[in-house]
Chemist: 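First the structure, then my questions, so here it is.
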2 protein chains.
Amino acid sequence: MVTLAEVAQHAGVSASTVSYVLSGKRSISATTRHRVEQSIRELGYHPNAGARALASSRSNIIALMIPLRTDMYVPVMMEIAIAVATTARTHGYDVLLLTGEEGPDAVRRVTGSGLADAMILMDVELDDDRLPLLRDGGAPARAKPRVGDDQPSVLIGLPADTTGLTCVDLDFAATGALCVEHLAKLGHRDIAVIGEAPAVYERHTGFAERTLDGLRSRARELGLRVLHRPCEGGYDAMAVTLARVFDERPATTGFVVQNESAVEPLLALLRQQGRAVPEDVSVVAICPDQVATQASVRLTSVAIPAQEMGRHAVEHLVAKLDGRGSDEVVLIAPELTVRASSGPVPSGS
Amino acid sequence: MVTLAEVAQHAGVSASTVSYVLSGKRSISATTRHRVEQSIRELGYHPNAGARALASSRSNIIALMIPLRTDMYVPVMMEIAIAVATTARTHGYDVLLLTGEEGPDAVRRVTGSGLADAMILMDVELDDDRLPLLRDGGAPARAKPRVGDDQPSVLIGLPADTTGLTCVDLDFAATGALCVEHLAKLGHRDIAVIGEAPAVYERHTGFAERTLDGLRSRARELGLRVLHRPCEGGYDAMAVTLARVFDERPATTGFVVQNESAVEPLLALLRQQGRAVPEDVSVVAICPDQVATQASVRLTSVAIPAQEMGRHAVEHLVAKLDGRGSDEVVLIAPELTVRASSGPVPSGS
DNA sequence: AATCATTGTCGAAGCGCTTCGACACACTAT
DNA sequence: ATAGTGTGTCGAAGCGCTTCGACAATGATT
């Protein structure tokens with residue numbers, strides 16, 4: 001491996017000069033800089049990451065923690081992860097992939113060892129046991145918790161208590177509201193919400209509950225009736241759920257679906273029952289665009305802005321690492337795209 | 001941050017002793033070891049990753065490179081990535097997430113900087129431009145490429161030329177063969193293969209072509225007729241493809257599908273045409289179990305062993321890093337699970 | 001002509017760890 | 001008693017980089 005010293009020798013300058021060329025922390029004359037850069041290229045020099053981390057106590061690595069069991073739709077998580085990785089690279093950071101398996105210990109390990117400079121947590125639960133560690137920077141009991149000394153972090157998802165935390169998420173409450181508004185405008189009065197699996201609600205995952213809250217309160221204002229039913233994915237579960245919905249609210253003409261694996265079954269079952277979409281019933285989905293456009297009926301939907309979330313998270317983190325930036329909650333405004341699955345209520349009804 | 005020296009002082013031993021307790025590379029008396037371990041716990045010591053990497057020239061990090069544009073089904077990639085991360089942890093390694101964006105440069109950067117000790121590449125193309133770098137350990141032109149000095153790597157997927165490379169993959173040729181065998185046994189004589197999108201074949205992605213080769217040669221032995229049609233995902237594309245299939249080969253009764261986003265459309269279209277599955281036509285899929293079991297008809301399928309592939313890859317890599325292990329190609333034997341989508345040919349035909 | 005910034009470069013001191021050789025000590029075998 | 005053989009521990013030398021203070025050299029300001 002070629003070292004800084006070898007580059008310095010080759011260029012006929014001191015090691016520190018090479019270092020300053022690399023970091024740009026002191027001004028270097030153009031001639032010297034070019035000579036050094038030339039040597040670097042010729043020798044194929046790459047600074048040693050370990051040495052750099054040791055000397056500067058900065059690893060230029062961001063840890064991305066993905067829980068093992070996730071409530072998010074997998075492709076969305078992947079999209080976020082990819083967005084995080086690519087955005088991080090543009091800022092000179094690499095990404096360390098952590099699974100939830102180790103739990104809070106992973107936070108301690110990474111923080112304590114200086115493996116990563118910062119941390120992004122995905123799919124945060126309302127009451128997540130990793131949060132206390134992040135609030136005080138991972139140091140369990142320190143005399144003087146100096147500000148800015150701790151491990152910056154950004155959550156993707158919103159916990160119950162956000163004090164001292166930075167979070168990025170889609171504004172799910174607004175999303176829920178947006179969906180009913182759209183249906184209300186089309187004249188629908190009875191709305192059924194097909195939600196995530198019951199387990200998701202039991203685990204008090206933030207996004208599912210917030211969607212529902214936003215949706216319900218807007219529905220109340222608009223005078224609509226809402227029936228919420230959690231639903232496991234797949235055809236059989238959906239069949240049961242759907243039967244119950246029409247049993248309880250035969251006048252239902254609008255559906256809001258927040259469960260990717262229920263989307264296609266719902267459409268198939270409605271078709272099978274002779275209910276045409278969008279002529280007889282309207283369906284609005286909360287899902288990635290890919291699902292919305294690949295479904296058997298092109299779905300009116302609110303997209304999950306995966307890339308944007310990943311990008312935002314990294315950019316906030318980098319800002320924090322640079323001393324700019326602050327703790328705040330960033331909610332991304334939802335956007336509803338009208339496609340072929342929603343239309344005015346049937347005039348006959 | 002608490003350092004090795006502080007632990008040593010606290011325990012009343014020298015720094016090297018603490019280091020040996022940690023690494024176990026020299027024998028330490030039980031009493032000393034306990035005392036040191038106690039101090040470590042009390043002080044909440046975590047070895048500094050950078051210092052460790054510098055001193056030992058081992059980062060204990062494995063790089064996982066995921067191409068940006070992928071031919072694999074996204075959830076499968078995610079499953080592999082998670083399996084890689086968790087398996088790596090059990091061997092004391094962390095995982096660095098690299099996207100394909102940087103291309104071969106990423107290999108050079110990571111290799112050159114000692115950021116990672118080893119590398120796993122996913123979704124390898126038949127003629128991948130990252131491979132030459134891996135064969136000689138990432139050093140473009142070195143005088144004496146000493147054996148064992150280079151960056152070990154494992155590919156997930158099979159390139160055209162595997163000399164000097166270690167690869168892990170599902171045996172797709174055997175998979176193709178297995179699928180036709182199953183259909184042949186049930187009496188089907190005319191088989192249609194619904195493949196990945198045309199772009200996948202144009203890019204010469206290994207797994208698609210190998211599946212087809214294995215399938216065709218076994219079909220020839222068994223005297224079956226095979227019609228292969230690449231297909232984009234989604235309903236519209238599938239409708240066109242399916243119409244052409246029955247146009248060209250009206251006697252088709254068996255389908256092999258290797259395209260997750262074509263599975264559900266195919267089932268829906270068959271149903272719509274009044275062809276019952278499995279009574280009139282049989283469908284065998286090559287897809288993750290989750291897709292097979294969540295489809296509207298539970299699919300007879302060959303699973304993609306994502307976890308196993310991830311685990312294998314890491315274990316091979318760790319073996320190489322430990323000086324054990326060798327370059328070899330590991331093909332995982334396919335397993336076909338019979339579910340509800342395949343049955344004997346209709347007697348009337 | 002003397003003074004003061006400014007700019008560009010260097011030397012040296014670490015960062016926290018691993019690892020090698022040395023060494024003291026307690027044994028066993030002469 | 002003497003030499004030989006392990007054990008368990010220590011001291012010191014780095015690993016390759018960053019960064020601080022020092023210091024020429026240059027030009028601007030009196």
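A note on names: the letters A, B, ... follow the listed sequences, proteins ahead of strands, and every chain is numbered from 1. Keep in mind that this is a model prediction, so the values were computed, not measured.
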Chemist: Side-chain N or O of B:S14 less than 4.0 angstrom from OP1 or OP2 on D:dC10?
Modeler: yes

Chemist: Taking CZ from A:R26 and P from C:dT6, how many angstroms apart are they, rounded to a whole number?
Modeler: 15 Å

Chemist: Just wondering, do B:H91 and B:I62 contact through their side chains at under 4.5 Å, heavy atoms?
Modeler: no

Chemist: Please state whether the phosphate of D:dT9, meaning OP1 or OP2, lies under 4.0 angstrom from any side-chain nitrogen or oxygen of B:S29.
Modeler: yes

Chemist: Starting at CZ of B:R58 and ending at P of D:dG16, how long is that distance when rounded to a whole Å?
Modeler: 16 Å

Chemist: Tell me: CD1 of A:I28 to P of C:dT7, nearest whole Å?
Modeler: 13 Å

Chemist: Counting only side-chain N and O atoms of B:K25, is one of them less than 4.0 Å from OP1 or OP2 of C:dT18?
Modeler: no

Chemist: Are B:E37 and B:H34 side-chain neighbours, meaning at least one heavy-atom pair lies under 4.5 Å?
Modeler: yes

Chemist: Which one, D:dC17, D:dC10, C:dT19, comes nearest to the side chain of A:P47?
Modeler: D:dC17

Chemist: Per the atom types in the model, does the base of D:dC17 pair as donor or acceptor with the side chain of A:Y20 at under 3.5 Å?
Modeler: no

Chemist: Indicate yes or no: at least one non-hydrogen side-chain atom of B:V168 is less than 4.5 angstrom from one of B:I120.
Modeler: no

Chemist: Taking any heavy-atom pair under 4.0 Å as a contact, classify B:L54: base, sugar-phosphate, or nothing.
Modeler: base

Chemist: Take the C1' atoms of the five end pairs on each side of the helix from C:dA1-D:dT30 to C:dT28-D:dA3, get both axes, and report the angle to 10 degrees.
Modeler: 50°

Chemist: At less than 4.0 Å, is any side-chain N or O atom of A:S19 found next to OP1 or OP2 of D:dT18? Yes or no.
Modeler: yes

Chemist: Report yes if at least one side-chain N or O of B:S56 is closer than 4.0 Å to OP1 or OP2 of C:dT18; otherwise report no.
Modeler: no

Chemist: Rounded to the nearest angstrom, tell me the gap between atom NE2 in B:H34 and atom P in D:dT9.
Modeler: 12 Å

Chemist: So, is B:T17 near the phosphate of D:dC10, with a side-chain N or O under 4.0 Å from OP1 or OP2?
Modeler: yes

Chemist: Once you round it to whole Å, what is the distance between C1' of D:dG16 and CG of A:N60?
Modeler: 16 Å

Chemist: How many whole angstroms separate atom CG of B:L43 from atom C1' of C:dG16?
Modeler: 15 Å

Chemist: Would a 4.5 Å heavy-atom cut-off, applied to side chains only, mark A:R135 and A:T163 as touching?
Modeler: yes

Chemist: To the side chain of B:A55, which of C:dT19, D:dT18, D:dC15 is closest?
Modeler: D:dC15

Chemist: Quickly work out the A:R33 CZ to C:dT7 P distance and round it to whole Å.
Modeler: 14 Å

Chemist: Counting distance alone, no hydrogens or angles: does the base of C:dG11 have a donor or acceptor under 3.5 Å from a partner atom on the side chain of A:S16?
Modeler: yes

Chemist: List the atom pairs, donor and acceptor, that lie under 3.5 Å between side-chain atoms in residues 79-88 of chain B and the rest of the protein, sequence neighbours left out.
Modeler:
residue	atom	partner	partner atom	Å
B:T86	OG1	B:I82	O	3.2
B:T86	OG1	B:A83	O	3.2
B:T87	OG1	B:A83	O	2.6

Chemist: List for me each residue that meets salt bridge (charged side-chain N to carboxylate O under 4.0 Å, His left out) alongside A:E102, sequence neighbours excluded, and say none if there are none.
Modeler: A:R109, B:R89

Chemist: With the side chain counted from C-beta on, respond yes when B:Y45 and B:L22 share a heavy-atom pair under 4.5 Å apart, and no when they do not.
Modeler: yes

Chemist: What's the verdict on side-chain contact (heavy atoms from CB on, under 4.5 Å) for B:L331 and B:D169, showing C-alpha distance, side-chain angles and the deciding distance?
Modeler: CA-CA 5 Å; B:L331 291 183; B:D169 206 353; 4.2 Å; yes

Chemist: Take the protein atom NE2 of A:H46 and the nucleotide atom P of D:dC17, then report the distance between them rounded to whole Å.
Modeler: 12 Å

Chemist: Of the listed nucleotides (C:dG16, D:dT18, C:dC10), which one gets closest to any side-chain atom of A:L4?
Modeler: D:dT18

